[in-house]
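Just the heavy atoms: all of them, side chains too, but no hydrogens, waters or symmetry mates, feed the values below.
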2 protein chains.
Amino acid sequence: MELKTRIVKSAELKNSIIKRLYFDKALSCADLSEVLEKSVPSVSKAITELIEEGFVMEQGYAPSSGGRRPLMYCLQPSAMYIVTVAMDQLSTRIQMLDLHNNPIAETVMTELKLFNNPKALPLLIEYINDYIDASGVARDKIVGIGIGMPGFIDSAKGFNYTYLDSAGQSLTELIAEKTGAPVYIANDSSLIAIAEQKFGIAKNHRDVMVINLGWGIGLGMIVNGELYSGHSGFAGEFSHIPLFDDGALCTCGKRGCLEAEASMLVVAEKAIQGIKDGHISSLKHTDKDPYKVVGNAIMEAANNGDQFAIELLSDAGYKIGKALAILIHIMNPESIVLSGRGAIVGKILLAPIQQALTKYCIPRLVSSTELLISALGFNAELIGTAVLVMENFDKDNKNQSLTTKQLSMEKTSKN
Amino acid sequence: MELKTRIVKSAELKNSIIKRLYFDKALSCADLSEVLEKSVPSVSKAITELIEEGFVMEQGYAPSSGGRRPLMYCLQPSAMYIVTVAMDQLSTRIQMLDLHNNPIAETVMTELKLFNNPKALPLLIEYINDYIDASGVARDKIVGIGIGMPGFIDSAKGFNYTYLDSAGQSLTELIAEKTGAPVYIANDSSLIAIAEQKFGIAKNHRDVMVINLGWGIGLGMIVNGELYSGHSGFAGEFSHIPLFDDGALCTCGKRGCLEAEASMLVVAEKAIQGIKDGHISSLKHTDKDPYKVVGNAIMEAANNGDQFAIELLSDAGYKIGKALAILIHIMNPESIVLSGRGAIVGKILLAPIQQALTKYCIPRLVSSTELLISALGFNAELIGTAVLVMENFDKDNKNQSLTTKQLSMEKTSKN
DNA sequence: AGCACTTATTAAAAAAATTTAAAAAGTATA
DNA sequence: TATACTTTTTAAATTTTTTTAATAAGTGCT
């Protein structure tokens with residue numbers, strides 16, 4: 001017992017060094033000392049140990065800033081791996097990343113319907129286990145499994161109230177038990193948000209709103225530098241705010257929701273109707289095409305200059321802009337990021353959004369918020385999932401390869 | 001130099017003990033140890049010193065929870081004082097509180113027009129200095145001066161972009177220089193929010209939205225347990241979100257703002273018009289009455305059962321409810337508090353607000369947010385201002401009565 | 001090229017904080 | 001009423017962390 005707490009204490013610093021290096025890629029001893037508010041000798045000692053344990057490696061010297069050049073340290077990429085899972089209503093992607101966020105194998109994409117599918121959860125667990133087995137990575141080398149999923153999610157308790165019914169048991173606990181690695185879940189839009197804030201276009205912004213433009217319209221919020229999920233994890237229900245009097249009927253049962261007026265699904269619907277009504281367009285449509293195919297076609301056509309497609313997207317953009325005006329008034333963020341699938345037509349949406357902001361916002365507020373377009377694209381959710389895992393790295397005590405060994409030695413020598 | 005950091009370190013713990021005791025009134029050594037995450041001996045030693053220095057006193061024993069009764073400590077109320085200033089467009093209140101939040105003298109209220117008044121700032125400084133002088137309290141016994149004011153405020157930098165022009169200099173620095181005590185400023189609605197969360201009906205709630213119902217409609221936000229002010233301090237501009245298509249013209253120049261439809265000022269206007277049009281009501285009105293008198297009369301009449309007044313307030317309440325629906329969707333708060341002057345008709349507003357929420361909110365979201373009515377009333381802003389000062393207590397190094405003495409001794413003995 | 005000035009790393013000394021153990025003060029129960 | 005069990009407080013020993021000082025490595029100017 002005596003040694004336990006001591007080791008845990010010292011492991012605390014080591015874990016926060018690992019976490020820091022994951023986010024900042026390469027730091028000197030002095031940098032780490034400053035950012036972690038620990039003395040240089042403490043950090044230096046911890047780093048030496050981390051190198052011995054194989055978690056950290058030297059990366060070379062950084063340019064001098066007027067004195068001795070600092071020796072930079074980075075993570076040993078193959079020291080541990082992160083399993084990232086990104087789900088949507090129809091399909092699930094699984095990937096494994098090393099500590100430099102590089103994929104170590106092909107992303108596997110599988111059909112997995114969430115709606116009304118009692119088999120979804122056991123299948124998900126099976127797919128994850130198969131993927132890990134196929135990768136050949138040992139379970140104790142897995143930092144954690146991060147899963148992004150749609151639905152009303154309580155990250156802290158590990159529940160999804162919309163999909164993947166787990167009969168009252170915590171999803172995270174259940175999956176962790178069956179896979180042998182710690183599990184973290186979060187809403188897909190939240191994950192895109194932390195991806196943009198840690199490794200994307202809004203890097204290090206303290207207050208960011210990330211719009212997940214997809215078949216629905218999601219919102220991930222970074223507030224005071226950290227993810228905000230609300231009292232019960234439902235914050236960011238942006239797409240169902242009452243925005244238009246007597247608007248279109250929404251799937252949620254109400255009228256005038258943003259989603260029912262401006263989501264890609266609605267744009268696709270309008271396109272199909274428009275073509276039927278004889279609109280001139282490069283778009284071709286057979287009634288059998290699912291909305292998603294149409295949606296992708298519209299975005300592509302718009303980027304190629306198709307006037308009808310641009311018109312449809314502009315209309316949606318203006319409505320999104322009105323909603324963003326509300327968001328800006330309430331949150332006064334440093335930046336708003338257009339992310340998700342829709343980000344590829346971000347440039348087209350920019351003008352009508354800006355137009356709506358000018359109309360509906362107090363000038364001082366618009367000018368203090370930057371409107372950005374994601375560059376992370378389709379990868380955002382996977383990266384966000386990895387961030388989710390690493391964010392929790394120093395909370396749950398992970399780096400125990402050494403700790404546990406020493407502990408058991410201690411115990412045997414005492415008994 | 002050598003000793004300096006050491007003393008500052010030990011003072012850090014003492015300061016956080018003082019801060020903690022300010023908020024929690026009375027705690028045992030064990031409580032403090034747990035909440036501050038410091039060992040019992042460290043805390044015990046710090047408390048002994050704080051008692052010697054006159055900051056802390058014993059308060060007696062708390063009931064046992066199955067073992068030795070804990071000795072409770074509280075702040076020596078007269079050890080230090082907080083100056084609180086609450087401003088609105090027309091008048092300014094000044095008060096001094098001891099460390100138990102008890103006023104040590106009458107609140108002084110002075111006429112002080114903010115709009116278009118270049119003399120406002122020097123007058124404010126004069127009033128504060130006069131008040132402190134009259135109180136007989138020495139400057140070095142003043143923890144700080146907290147000032148709540150309307151306008152677009154950047155608390156961190158100390159600017160008010162709407163009133164009290166300080167020619168590019170930081171307001172807080174300027175006033176601090178002229179008064180000889182640290183100064184903190186914040187938006188009035190923000191202060192009401194922290195008052196409600198620390199000492200009011202939303203005590204210890206992590207995520208709270210506080211609606212400041214007054215002549216305008218303000219919003220103070222507590223997010224992840226702390227005040228959220230946005231990237232440039234403008235968060236919570238609730239009253240100018242675009243809510244109604246083609247609504248009434250607002251002072252901000254736009255149409256359809258909540259403030260232009262549901263503030264007490266608008267209710268008063270409607271009442272005057274309604275009486276002219278022959279509505280039956282206990283309200284009597286002469287054209288000379290300013291809106292504020294009418295507004296107060298309406299609230300009183302409504303509380304006495306006047307049907308016309310209730311109708312007017314209900315109408316406003318429904319519109320506020322629609323705006324709150326938006327807020328709930330975005331923030332998913334633990335509670336929403338109706339505070340400010342309008343809180344006295346809170347019960348009347350409750351029904352129409354709830355009605356609007358039911359119509360415009362996703363059911364799961366409404367049911368996870370509590371709607372509360374403030375009990376702090378007119379005092380909320382003054383209390384919030386005191387909280388603002390004490391919130392910063394451990395950041396800026398205050399408790400130096402001992403520190404500075406030891407430092408100078410050290411210096412002389414070394415030189 | 002040499003000198004003054006920065007910056008980074010390492011090692012030894014000093015200080016601070018925590019753990020451990022023990023005593024004190026109560027409660028609940030047989 | 002004595003005994004077992006809790007909880008708080010105090011004191012001593014140990015660990016951890018930070019200072020301090022010394023060394024190493026570079027920059028930039030004269």
Side-chain angles (χ1 to χ4, degrees), chain A residues 1-17 26-52 56-74 402-403 406-407 410 414, chain B residues 1-17 26-52 56-74 402-403 406-407 410-411 413-414:
Chain A
M1 268 297 275
E2 305 84 66
L3 204 65
K4 191 182 180 182
T5 37
R6 199 188 77 225
I7 292 180
V8 169
K9 271 266 154 187
S10 116
E12 235 168 57
L13 174 58
K14 287 194 206 171
N15 285 336
S16 50
I17 289 175
L27 292 169
S28 72
C29 195
D31 294 336
L32 281 164
S33 164
E34 199 184 330
V35 76
L36 299 176
E37 296 183 308
K38 292 281 159 183
S39 69
V40 172
S42 300
V43 172
S44 176
K45 191 184 161 214
I47 287 180
T48 310
E49 288 176 25
L50 283 170
I51 290 175
E52 277 171 19
V56 169
M57 61 190 208
E58 297 180 355
Q59 206 211 27
Y61 291 94
S64 162
S65 59
R68 177 171 169 175
R69 292 186 316 196
L71 182 52
M72 305 303 278
Y73 300 96
C74 68
L402 173 99
T403 316
Q406 285 203 353
L407 260 175
E410 197 63 20
K414 284 213 66 156
Chain B
M1 269 294 277
E2 306 83 67
L3 205 65
K4 191 181 181 185
T5 38
R6 198 189 77 224
I7 293 180
V8 169
K9 272 266 154 187
S10 116
E12 235 167 55
L13 174 58
K14 288 194 206 168
N15 285 337
S16 50
I17 289 174
L27 292 169
S28 73
C29 198
D31 294 336
L32 281 164
S33 165
E34 199 185 329
V35 76
L36 299 176
E37 297 183 306
K38 293 278 159 185
S39 68
V40 172
S42 301
V43 171
S44 177
K45 191 185 160 211
I47 287 181
T48 311
E49 288 176 26
L50 282 169
I51 290 176
E52 275 171 20
V56 169
M57 60 189 212
E58 297 179 356
Q59 207 211 27
Y61 291 94
S64 162
S65 58
R68 176 170 170 177
R69 291 186 317 194
L71 182 52
M72 305 303 278
Y73 300 95
C74 68
L402 171 100
T403 316
Q406 284 203 352
L407 260 175
E410 197 63 18
K411 269 179 186 163
S413 69
K414 284 212 65 152

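At whole-Å resolution of the value, CD in Glu12(A) and P in dT15(D) are 18 Å apart. One can place CD of Glu37(B) at 14 Å from C1' of dA17(C), the figure rounded to the nearest angstrom. Protein atom CE of Met72(A) is 13 Å distant from nucleotide atom C1' of dT7(C), rounded to whole Å. Distance Leu32(A) CG to dT9(C) P: 10 Å, rounded to the nearest Å. Put simply, NZ on Lys45(B) is 18 Å from P on dT9(D), counting in whole angstrom units. The nearest whole Å value for the distance from the CG atom in Leu13(A) to the P atom in dT18(D) is 9 Å. Summarising the geometry, the separation between CD1 on Ile17(B) and C1' on dA17(C) is reported as 13 Å, rounded to the nearest angstrom. Between the CD1 atom of Ile51(B) and the C1' atom of dT9(D) there is a distance of 13 Å, rounded to whole Å.
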Between the protein and nucleotides 3-8 of chain D, which nitrogen or oxygen pairs come in under 3.5 angstrom?
from: dT6(D); atom 1: O4'; to: Gly66(B); atom 2: O; distance (Å): 3.3
from: dT6(D); atom 1: O2; to: Gly66(B); atom 2: O; distance (Å): 3.3
from: dT7(D); atom 1: O2; to: Arg68(B); atom 2: N; distance (Å): 3.1
from: dT8(D); atom 1: O2; to: Arg68(B); atom 2: NH1; distance (Å): 3.0

Strictly under 3.5 Å: I want the nitrogen or oxygen pairs between protein and nucleotides 10-13 of chain C, one per line.
none

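Here the side chain of Thr48(A) pairs a donor or acceptor atom with the backbone of Ser44(A) at under 3.5 angstrom. The closest donor-acceptor contact from the side chain of Ser28(A) to the backbone of Pro70(A) lies at 3.5 Å or more, if one exists at all.
For Ser42(B) and dT18(C), the shortest distance from a side-chain N or O to OP1 or OP2 is below 4.0 Å.
For the atom pair Leu32(A) CG and Ile17(A) CD1, the distance stands at 5.5 Å (nearest 0.5 Å).
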